[in-house]
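Provided herewith is a single structure, encoded as structure tokens, for subsequent inquiry.
When reading the values below, keep in mind they use all heavy atoms of this one structure, side chains included, and skip hydrogens, waters and symmetry mates. Chain A is the first sequence line, chain B the second, and so forth, proteins listed ahead of strands; every chain is numbered from 1.
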Amino acid sequence: MNATKHPAVERYLRDLRAALRDMSRRQRDELVAEIASHIEQTLPAGASDAEVLMALDRMGDPEQIAGAERERLGIDEPAAGWLEWLAIPLLLIGGVVIPVVGWVIGVIFLWLSQCWTVRDKLLATLLVPGGLLPALYLSLFPSTMETCSSTTGVRHGQAVQTATRCTGGQSTAVTIALIALFVFLVVAPIFTAVRLGRRLPPPRRPQLRSRLTGPQALTLCIFGIALGGSAVWYYLSTRPPGG
Amino acid sequence: MVDDLRPHDTAALPSQLRRGVLEFCVLALLRDGERYAVELVQELGSKDGLVTSEGTLYPLLSRLRKEGVVETTWRESPGGPPRRYYALTPAGRSVLDVFSAEWARFRDTVDGIIKP
């Protein structure tokens with residue numbers, strides 16, 4: 001088996017390609033091809049996993065390879081700034097806070113940024129347009145959700161629910177499909193937002209690099225609040241009034 | 001990037017020293033004739049304290065090629081894919097000569113100061 005087909009090598013080359021995002025496509029292709037060729041030439045055909053990992057370790061961290069020339073030439077890598085850290089929450093919940101417009105501003109910021117590739121941007125725009133707004137809309141959409149009304153009577157001075165009438169209820173299959181759609185509409189924008197955050201260049205000073213940086217933690221908090229909020233919203237909007 | 005080197009940051013010292021001289025070491029390895037990339041990279045990688053990782057040499061080689069100090073030719077290799085061979089250009093040779101003279105002078109000056 002060709003050494004470059006090893007899963008660890010494939011993952012390494014993919015990470016390398018991502019790390020070289022600010023290079024022109026031609027330069028990037030050439031560099032990745034050379035490093036792939038180096039790995040192929042230095043690894044024997046039936047290399048063990050340990051040999052593969054050692055070769056990759058010698059080759060070095062993709063971010064370090066991408067950073068080496070920037071450092072030598074004094075070029076700043078495209079660092080994530082306010083544009084990126086505003087774009088992510090705007091794409092996710094901007095459309096909910098300022099209906100539709102907030103999301104559109106997020107999309108504009110997304111495409112203005114130089115930190116993401118065109119593929120990242122397309123995915124972030126199309127999955128899901130509006131961010132969490134479609135999920136919210138679905139949870140409010142009256143004709144598809146069961147609406148219940150109850151009459152309340154007064155007995156012994158206490159309000160007691162005496163009858164609940166539900167209309168517009170759907171069959172179980174439709175309900176399950178709607179719940180699945182709702183889950184997708186919540187999970188997909190969050191997935192895209194997390195992905196955008198993860199694909200931002202790491203902070204400049206490698207010694208300060210940790211698994212979770214401040215801005216990432218902040219964004220995750222916003223995601224968490226958005227998710228929790230929409231769950232509560234969904235619960236409140238589907239719960240029969242007075243129930 | 002200037003803030004990378006704080007006054008007593010000795011951890012960053014090797015990389016600061018390496019940064020300026022690595023490309024001339026590549027040129028020097030090509031002084032006696034052409035070599036192919038893997039050979040060049042493995043030789044530099046085996047020298048103590050010269051490169052942090054082999055991969056960082058590939059962007060450097062690509063820049064040297066663009067600057068016209070090295071040129072490359074593709075050659076068939078026995079029982080493998082074609083290999084890219086690197087050789088010094090006349091411009092590269094004169095850059096190397098200038099550096100060698102400058103380095104000798106610089107090394108002597110620094111040695112003269114830091115030796116007790």
How long is the span from the OG atom in S37(A) to the OH atom in Y36(B), to the nearest 0.5 Å?
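Here the rounded value is 10.0 Å.
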Option in E54(B), Q42(B), R83(B) with maximal non-hydrogen atom pairs under 4.5 Å from chain A:
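Ranked by heavy-atom pairs under 4.5 Å with chain A, first place is E54(B).
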About how many Å separate CD1 of I35(A) and OG1 of T56(B), when rounded to the nearest 0.5 Å?
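T56(B) OG1 to I35(A) CD1: 9.0 Å, rounded to 0.5 Å.
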Is any side-chain N of the basic residue among R65(B) and E34(A) closer than 4.0 Å to the acidic one's carboxylate O?
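Judged by the 4.0 Å cut-off on N to carboxylate O distance, R65(B) and E34(A) do form a salt bridge.
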Does any backbone or side-chain atom of Q41(A) lie under 4.5 Å from a heavy atom of chain B? Answer side chain, backbone, both or neither.
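For Q41(A), the contact with chain B is made by the side chain alone.
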Minimum heavy-atom separation for S53(B) and G60(A), please, with both atom names.
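Of all heavy-atom pairs spanning S53(B) and G60(A), the closest is CB-CA, 3.4 Å.
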Atom CZ of residue position R11(A) - does it have more than 12 heavy atoms of other residues, nucleotides or ligands inside 6.0 Å?
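No.
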